[in-house]
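I have placed the structure first, in the form of structure tokens, so that the comments after it can refer back to it.
Along the sequence shown, residues are numbered consecutively beginning with 1.
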Amino acid sequence: MAKADASKLDWNNLGFEYMDLPYRYTAHWKDGEWQDGGLTEESTLHISEASPVLHYGQSAFEGMKAYRTPDNHIQLFRPDQNAARFKRSCERLLMPVFPEDKFVDAVKQVAKANADFVPPYGNGGTLYIRPLIIGTGGVIGVHQAPEYIFTIFAMSVGNYFKGGLTPVNFTTSAYDRAAHKGTGQAKVGGNYAASLLPAENAHENGFADCVYLDPVEHKYIEEVGSANFFGITKDGVFKTPKSPSILPSVTKYSLLWLAENRLGLGASEEKIDVNDLDQFAEAGACGTAAVISPLGGLEHNGKLHVFHSETEVGPVTKKLYDTLTGIQFGTVEAPEGWVQRVE
Ligand SMILES: *Cc1c(COP(=O)(O)O)cnc(C)c1O
């Protein structure tokens, strides 16, 4: 695959596709410790055929973005939160922890080295950054890998919604994404292979993706595809589900805080019964990639429940989106410590 060329990119028509950018950060764990890491131009990994990541899915990842501000700086949004979550994911799969301060520093090095690929301010484009750790080395028994590769690559991505926030419809799945005390809280590879079939089934039936219900009672909302759910109740409370099998979204916790502290709404994490959707005036899915996808309708047991509208974003959802993206791009004042400048 050819190296990406920033001068040939059409900033107005970026999608969400892998690009082989000039630089990535790579560090190796060997002999019980992290070897010196650094930037490299090598985008192909060479690993043993017996690597535990290939057979047993010993891997974890993160997803974050670098943003270009109107005054042409590059900044990150709460990278400390991704570093902390990555640490928890690694601990859950018995992988060595890459120190959190070094994680943030390495992310900054990658953003800076690929600065030409951070889209200009103005149409929502960003540099998507993907930290990843995999268990390598030649072992075939089911135990932790003797070696690991930690790498961070990046790619230029466009605004998810080209023509403004457009609601999409979802359907509940009969499958589970993660077990009650399984790995749902960790951003680990295996969770996503298991979500491919349920997502495909949802697509075949004309839905954007599926909503997962809790794995114990199949009654409470967990995740919306690979994004977190939130609803705005008719009496002005930002509600989001509480469960040990949900992946704690940085976007979700940021919206929860902004709802309470900037929009003056109530805010609550609690169980949300899929049969109690009438309480909501608006609903959405949130995560780094799309920021917010407004939920038009949710089909459950053959019946479509429409929230605000199937065609128009609701006013509170829009306000949350504008506030959060304003902070990310540096046009709205950020809460203390939420943005870190790269250059
Ligand atoms: C990454 C992810 C999210 C979103 O998390 P953010 O930190 O907001 O990007 C939500 N659900 C799942 C399953 C995820 O993997």
**Study point:** Pair Lys187-Glu62, side-chain contact (heavy atoms from CB on, under 4.5 Å): steps then yes or no
**Key:** CA-CA 7 Å; Lys187 212 167 172 76; Glu62 274 299 324; 4.0 Å; yes
Looking only at side chains, do [X] and [Y] share a donor and an acceptor under 3.5 Å apart?
| X | Y | result |
| --- | --- | --- |
| Asn72 | Arg68 | yes |
| His180 | Asp214 | no |
| Asn169 | Glu310 | yes |
| Tyr148 | Gln58 | yes |

Answer yes or no: are there more than 12 heavy-atom neighbours, outside [X] itself, under 6.0 Å from its atom [atom1]?
| X | atom1 | value |
| --- | --- | --- |
| Glu217 | CD | yes |
| Glu91 | CD | yes |
| Tyr23 | OH | no |
| Glu333 | CD | no |
| Glu49 | CD | no |

Find out whether [X] and [Y] are in side-chain contact, i.e. whether some heavy atom of one side chain is under 4.5 Å from a heavy atom of the other.
| X | Y | result |
| --- | --- | --- |
| Phe307 | Pro167 | no |
| Leu298 | Ile221 | yes |
| Tyr220 | Leu213 | no |
| Asp209 | Val168 | no |
| His305 | His300 | no |
| Phe238 | Leu263 | no |
| Ser226 | Ser195 | no |
| Thr40 | Arg24 | yes |

Would you say [X] and [Y] are hydrophobically clustered, going by side-chain heavy atoms of ILVMFWY under 4.5 Å?
| X | Y | value |
| --- | --- | --- |
| Leu54 | Leu94 | no |
| Phe103 | Val97 | no |
| Tyr25 | Met64 | yes |
| Ile272 | Leu256 | no |
| Tyr160 | Val250 | yes |

Review point. Any Lys/Arg nitrogen of Glu270 or Lys239 sitting under 4.0 Å from an Asp/Glu carboxylate oxygen of the other?
Key: yes
Review point. Mind checking whether Phe77 and Trp338 have parallel, tilted or perpendicular rings, split at 30° and 60°?
Key: perpendicular
Review point. For Phe329 and Thr126, what are the C-alpha separation, side-chain angles and deciding distance, and is it a side-chain contact (heavy atoms from CB on, under 4.5 Å)?
Key: CA-CA 9 Å; Phe329 284 100; Thr126 55; 3.6 Å; yes
Tell me if a side-chain donor or acceptor on [X] pairs with a main-chain N or O of [Y] at a distance below 3.5 Å.
| X | Y | answer |
| --- | --- | --- |
| Lys252 | Phe230 | no |
| Arg262 | Leu324 | no |
| Ser51 | Val53 | no |
| His203 | Ala208 | yes |
| Arg85 | Pro248 | yes |
| Asn228 | Ser249 | yes |
| Gln81 | Arg78 | no |
| Thr240 | Phe229 | yes |
| Lys219 | Asn275 | no |
| Arg177 | Asn191 | no |

Where is the tightest heavy-atom contact between [X] and [Y], given as atom of each residue plus distance?
| X | Y | answer |
| --- | --- | --- |
| Ala50 | His55 | CA-NE2, 3.7 Å |
| Thr317 | Glu282 | OG1-OE1, 2.6 Å |
| Pro96 | Ile133 | O-CD1, 3.8 Å |
| Tyr175 | Leu197 | OH-CD2, 3.3 Å |
| Ile246 | Glu222 | CD1-O, 3.5 Å |
| Ala267 | Val237 | N-CG1, 3.9 Å |

Does the gap between the ring centers of [X] and [Y] come in under 6.0 Å?
| X | Y | result |
| --- | --- | --- |
| Phe153 | Tyr18 | yes |
| Phe16 | Tyr128 | yes |
| Phe86 | Phe150 | yes |

Practice item. Go through the steps for Val274 and Val211 under the test side-chain contact (heavy atoms from CB on, under 4.5 Å), then give the verdict. Key: CA-CA 10 Å; Val274 69; Val211 163; 5.9 Å; no
Check your understanding: Are Ile74 and Leu127 close enough, and set up right, to give a side-chain contact (heavy atoms from CB on, under 4.5 Å), and what steps lead you there?
Key -> CA-CA 10 Å; Ile74 296 171; Leu127 184 75; over 6 Å; no
